[in-house]
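Remember, it's 1-based here, ligands and their atoms both numbered in the order they're listed. As a basis for the values below, the full set of heavy atoms in this structure was taken, side chains included, without hydrogen atoms, waters or symmetry mates.
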Amino acid sequence: MHETIPSPFEAPARSVLRQAAHQAVKAPSIHNTQPWRFVVADNRLDIAVDGTRRLDVLDPRGRQLMISCGCALLNARVAIAAQGYEPVVERCSSVDVNNVVARLRLGAERPAGREAELNQAIERRRTNRRPFRGEGVSIAEVARLNGLAQTEDADLVNISTDEERRLVAELLAKASRLEAEDPAYLRELLAWTTDDPDRQDGVHASTVPFAGGAGQSGAGTAVRRFDLHGTGWLPSAAPLTEECVLLLCTAEDGPDAWLRAGEALELVWLELTAIGLSASPIGQVVEVRGTRDRMRRELGLRGYPQLVLRVGRALAPPSSRRRSPSDVIVEM
Ligand SMILES: Cc1cc2nc3c(=O)[nH]c(=O)nc-3n(C[C@H](O)[C@H](O)[C@H](O)COP(=O)(O)O)c2cc1C
């Protein structure tokens, strides 16, 4: 990836913050929309939402847009810590006039701990839409991931009993069916899926299971049916089986909580990558209001479900494209 060479005259903090912005660009985002911009200055890095990239049909409230920006923020925090500084974060309560959602500065110098490994995992973290291999995820691993989510004000609920799995699978199938019946949803999905090798955003055919194109029934598979073009490169997706299924929840349900949910999601995702696991988010069941409400009620959740995560062991998933850093990072 293209990196800007630091000038000998610039403030030393600037190159640390620039490097953090480069790591932030690699974050996951809903439909790979990359709905962000970064402003690097001598003493701060601002992360702003790019509202033109919000999914109006799927995400009219900008919930998943904010989660995506939270993922970018977490990458930037990890990158600053990995370079030996305490990341100081000011989260902007709701979005300010410049659409800035968070401002990062360098705090005290301190040796990098676990963040150094998490920083390396940023490059390897990918969405796995293939089936998982047999060996499951241990209870200790799930507890460790939940412990990390809690440090970011979120919870990872383990959907572990047969009854809970049946409920989530049933609601997921219902949500997927309702979405697939909505022509506006399909139009938007079509616009954000591609097999163009030069396109730098959207979900590419090389990363999705073959599903036979538009008009085919996808009900029952856990992975979102991205393959409306009938060009998916991966083996067909399976229903939710014995996989480890985790539900990311937050106590509140507004922009601040969504940003924190994104930070929790990415921290968990980097950690599970670092320990040899992989994951894919499943959004459908929390995107449809009726199935989200039912899941909350019938699982007896106190908080608000934000995203389902399938977690397991799998072959290294194919990588996805990003817009060039020069398109999203502005130097001031
Ligand atoms: C908030 C959010 C929701 C997502 N929902 C889904 C989903 O429902 N299905 C899916 O397969 N991937 C989902 N993803 C993964 C993105 O499609 C993925 O991050 C993006 O295509 C970039 O690919 P990468 O994660 O391999 O870098 C989601 C990601 C985020 C941040």
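- A donor-acceptor pair shorter than 3.5 Å cannot be found between the side chains of His31 and Thr33.
- For Lys26, no heavy-atom contact with ligand 1 is shorter than 4.0 Å.
- At under 3.5 Å, a nitrogen or oxygen of Arg322, whether backbone or side chain, sits near a nitrogen or oxygen of ligand 1.
- Cation-pi check for Arg129 over Trp233 is not met; the charged atom does not lie both under 6.0 angstrom from the ring centroid and within 45 degrees of its normal.
- Protein heavy atom nearest atom 15 (C) of ligand 1, with residue, atom name and distance: Thr127 OG1, 3.4 Å.
- Not a single N or O atom of Pro28, backbone or side chain, sits closer than 3.5 Å to an N or O atom of ligand 1.
- Looking at Pro209, Ser320, Ser29, it is Ser29 that brings a heavy atom closest to atom 20 (C) of ligand 1.
- A donor-acceptor contact closer than 3.5 angstrom is absent between the side chains of Glu117 and Asn119.
- Checked against a 3.5 angstrom limit, the closest N/O atoms of Ile30 and ligand 1 fall outside it.
- For ligand 1, the atoms closer than 4.0 angstrom to any heavy atom of Gln284 are 8 (O).
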Could you give me the CA-CA distance, side-chain angles and deciding distance for Leu106 and Ile80, then say whether side-chain contact (heavy atoms from CB on, under 4.5 Å) is met? CA-CA 7 Å; Leu106 304 192; Ile80 290 172; 3.6 Å; yes
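- Under 4.0 Å from ligand 1, the heavy atoms of Ile67 that appear belong solely to its side chain.
- Under 4.0 Å is where a charged nitrogen must lie from a carboxylate oxygen, and between Arg296 and Asp253 no such pair does.
- When the heavy atoms of Arg129, Met66, Arg224 are ranked by distance to atom 17 (O) of ligand 1, first place goes to Arg129.
- Under the 4.0 angstrom criterion for non-hydrogen atoms, Arg125 is in contact with ligand 1.
- When heavy-atom distances to ligand 1 are checked against a 4.0 Å cut-off, Glu287 has no atom that comes that close, whether in backbone or side chain.
- Taking a 6.0 Å sphere around CZ of Arg133, one finds it holds more than 12 heavy atoms contributed by other residues, nucleotides or ligands.
- Applying the side-chain hydrogen bond (donor to acceptor under 3.5 Å, both in side chains) test between Asp201 and each of Arg322, Arg53, Arg323 identifies Arg53 as the sole match.
- Of all the heavy atoms of Ile282, the ones lying under 4.0 Å from any atom of ligand 1 belong exclusively to the backbone.
- A search for side chain to side chain donor-acceptor pair (under 3.5 Å) contacts involving Ser138 returns Glu141, not counting sequence neighbours.
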